[in-house]
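In what follows, a single structure is set out as structure tokens and then discussed.
Convention: sequence-line order gives letters A, B, ...; per-chain numbering from 1.
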There are 2 protein chains.
Amino acid sequence: MKTRDKILLSSLDLFNERGERNVTTNHIAAHLAISPGNLYYHFRNKSDIIYEIFLEYEKLVDFYLDIPENRPITLDDLTFYLESVFDGLWSYRFFHRDLEYLLDSDQRLRQDYREFTNRCLTAISRIFEKLAEAGIIEPQPEELRSAMSLNVWLVITNWMAFLKTAHASEASASLTLTELKQGIYQVLTLEIPYLTADYREQVMTLREKYRPRFPDSADALVSGQGEPIGNH
Amino acid sequence: MKTRDKILLSSLDLFNERGERNVTTNHIAAHLAISPGNLYYHFRNKSDIIYEIFLEYEKLVDFYLDIPENRPITLDDLTFYLESVFDGLWSYRFFHRDLEYLLDSDQRLRQDYREFTNRCLTAISRIFEKLAEAGIIEPQPEELRSAMSLNVWLVITNWMAFLKTAHASEASASLTLTELKQGIYQVLTLEIPYLTADYREQVMTLREKYRPRFPDSADALVSGQGEPIGNH
DNA sequence: CTATTATTAGAGTATATACTCTAGGTAGTC
DNA sequence: GACTACCTAGAGTATATACTCTAATAATAG
């Protein structure tokens, strides 16, 4: 593998693991056992590394959120979208953590991210539209659909931060992809009232699969279990 | 005013304005025209300053979210809660921006914030419960109420980040309290499907007051205006 | 083989950051 | 007026950070 690609990969790993703020270019070089000079031969600065990583992230999500227009949407499609988006979020999880600082430091990134967000919101809205066409949810006026899409976006992009700040009692407590995907439960919660009678059961069953199981008693009120959860 | 209090005030201002990451203890001292030594006489380190600011924030929100148990809840109460929470969010807006880093740097803060979040979630859930008792929304099983409360929390705490990252096209674009309060529109969107027939009109009217009016055309799709918005 | 280009090492640097240390001032009390 | 507790200045420091510079080495093309 080319040094350049190794730098991108290691950077992503370290950023995800420790947070962009805690990872210096020297750290990245040291982790790869290359010299700082070498790193700066391939990238002009830290922002450029981050920007390239963002482009990968963007490409991945754009690929996942490509809505097929030649056929109706299915529940499997919905599951795929949700799973994929959370997979992407997981792989590039450092990004949303320091988002505001990153955008302040790089105008290109700000512009691109802005457009990226708008594309995602459009895609989410389009998914709602197609879910209605497929008879899975009741159709809604565009204005409501847009506001709902934005709420879905807010829940998706910030579920991880919630887990890391409110759930884990220690900084070191590592998050798992499984926990992250409990965000799907939250997203499906948003859709419950709009489900059609025909599909309500199916979606509720799907949702149940992602139901959070917090082992920590302090969080019991978060999941609001009516009945006790089994030990595991 | 005591130097100690001036330090807290200036720190909060600077943090809000520039982000905690971009504000050093030397900056704070310089801004107050006091010596670094003086600052460190009053606070052991930067974390301590942040921690004390958090305690103020916590106190403020706890005060706002004190739910009166001796009378039914009204729509005015709901408006008050929403307005107050967003006011608090505004006054301490630096906090949620760098939350993860802040919690990683201070275990006390992590613990306190965790409990704070749980209190807020309980309060939100309790508000839903009382809204149902007052006949404003349909009653919901506890499990759903908890999940909804969490979604409300996610939308509230991350609305600002959304505005700053997706809405503003420049870092310098300053956010206004008015824009921030458009988050109330998003929160009320979550409640729409649960409104009772008796109150639907009233709440929808309330919601309409907070409807976002993005002047920037690139964001038109975000607000999803069916009809064009007037220039202003 | 040679000339050129691409890659790498590693020492070094300017700046910043959080924080310390000492000496001195100020305000109140007896 | 002296004692004491509190407060402040400001120079200074250890460490870190992003990044540079030069020289050497590998890869490639002719």
Side-chain angles (χ1 to χ4, degrees), chain A residues 1-54 94-95 97-98 100-110 171, chain B residues 1-54 94-95 97-98 100-110 171:
Chain A
M1 184 186 283
K2 295 231 169 200
T3 302
R4 189 187 157 81
D5 295 327
K6 282 198 273 187
I7 292 170
L8 288 173
L9 260 181
S10 273
S11 299
L12 178 57
D13 280 353
L14 291 172
F15 289 160
N16 279 340
E17 193 74 25
R18 304 180 202 171
E20 176 272 340
R21 187 172 178 174
N22 300 315
V23 176
T24 73
T25 49
N26 291 350
H27 286 146
I28 299 167
H31 185 254
L32 279 169
I34 66 172
S35 63
N38 193 356
L39 186 147
Y40 278 90
Y41 170 79
H42 291 285
F43 294 94
R44 282 209 334 238
N45 51 43
K46 197 180 170 185
S47 274
D48 275 8
I49 298 177
I50 292 164
Y51 184 66
E52 293 233 5
I53 293 177
F54 166 72
F94 86 94
F95 190 70
R97 173 174 170 165
D98 285 302
E100 288 193 48
Y101 176 83
L102 298 178
L103 301 195
D104 280 350
S105 317
D106 188 339
Q107 281 306 304
R108 267 180 321 177
L109 188 60
R110 175 175 291 278
Chain B
M1 183 187 282
K2 296 232 170 199
T3 301
R4 190 188 157 82
D5 295 327
K6 282 198 272 186
I7 292 170
L8 288 174
L9 260 181
S10 274
S11 299
L12 178 57
D13 280 352
L14 291 172
F15 289 160
N16 278 340
E17 194 73 26
R18 304 181 203 171
E20 176 271 342
R21 186 171 180 174
N22 300 316
V23 175
T24 73
T25 49
N26 290 352
H27 286 146
I28 299 167
H31 185 255
L32 279 169
I34 66 172
S35 64
N38 194 354
L39 187 147
Y40 278 91
Y41 170 77
H42 291 286
F43 294 94
R44 282 209 334 236
N45 52 41
K46 198 180 170 184
S47 275
D48 275 8
I49 298 177
I50 292 163
Y51 184 66
E52 293 233 5
I53 293 177
F54 166 72
F94 86 94
F95 190 71
R97 174 174 170 166
D98 285 302
E100 288 193 48
Y101 176 83
L102 297 179
L103 300 194
D104 280 349
S105 317
D106 188 340
Q107 281 306 303
R108 267 178 322 177
L109 188 60
R110 175 174 290 279

Original post:
Counting just side-chain N and O atoms, does B:T3 come under 4.0 Å of either OP1 or OP2 of D:dC7?
Top reply: no

**OP:** Respond yes when some side-chain nitrogen or oxygen of B:N38 is under 4.0 Å from OP1 or OP2 of D:dC7, and no when none is.
**Re:** no

**OP:** Select from A:I34 and B:R21 the residue whose nearest nucleotide in DNA chain C is closer to the 5' end of that strand.
**Re:** A:I34

Subject >> Euclidean distance, atom CG of residue A:L32 to atom C1' of C:dA9 [Å, nearest integer] >> reply: 14 Å

Subject >> Check: A:H31 side chain, A:I28 main-chain N or O, donor-acceptor pair, under 3.5 Å >> reply: no

Original post:
Could you give the NE2-to-C1' distance, from A:H27 to D:dA16, as a whole number of Å?
Top reply: 9 Å

Original post:
Which nucleotide in the set D:dT8, D:dT17, D:dC19 lies at the smallest distance from any side-chain heavy atom of A:Y40?
Top reply: D:dC19

Subject >> Test item: A:N22 side-chain N/O and A:R18 main-chain N/O as donor-acceptor pair under 3.5 Å >> reply: yes

Original post:
Quick one: NZ on B:K46 to OH on B:Y40, what's the gap to the nearest 0.5 Å?
Top reply: 8.5 Å

**OP:** Check for a donor-acceptor pair, side chain of A:D98 on one end and backbone N or O of A:Y101 on the other, with a separation under 3.5 Å.
**Re:** no

Original post:
If you find the nucleotide of DNA chain D closest to A:E20 and the one closest to A:G37, which residue's nucleotide is nearer the 5' end?
Top reply: A:E20

Original post:
If you measure from CG on A:L32 to NE2 on A:H27, what distance do you get to the nearest 0.5 Å?
Top reply: 13.0 Å

Subject >> Between C1' of C:dA6 and NE2 of A:H42, the distance in whole Å >> reply: 9 Å

Original post:
A:S35 side chain: which of C:dT7, D:dG10, C:dT8 is closest?
Top reply: C:dT8

Subject >> d(NE2, B:H31; C1', C:dT17) in whole Å >> reply: 19 Å

Original post:
Can a side chain N or O of A:T25 be found less than 4.0 Å away from OP1 or OP2 on D:dC19?
Top reply: no

Subject >> Residue-phosphate contact under 4.0 Å: A:N45 side-chain N/O, D:dA18 OP1/OP2 >> reply: no

Original post:
To the nearest Å, how far apart are B:K46 NZ and C:dC19 P?
Top reply: 9 Å

**OP:** In whole angstrom, give the distance that lies between atom OH of B:Y41 and atom P of C:dT26.
**Re:** 16 Å

**OP:** Can you tell me the distance, in whole Å, between the CG atom of B:N26 and the P atom of D:dA11?
**Re:** 13 Å

Original post:
How many Å lie between NZ on B:K6 and C1' on D:dC7, as a whole number?
Top reply: 12 Å

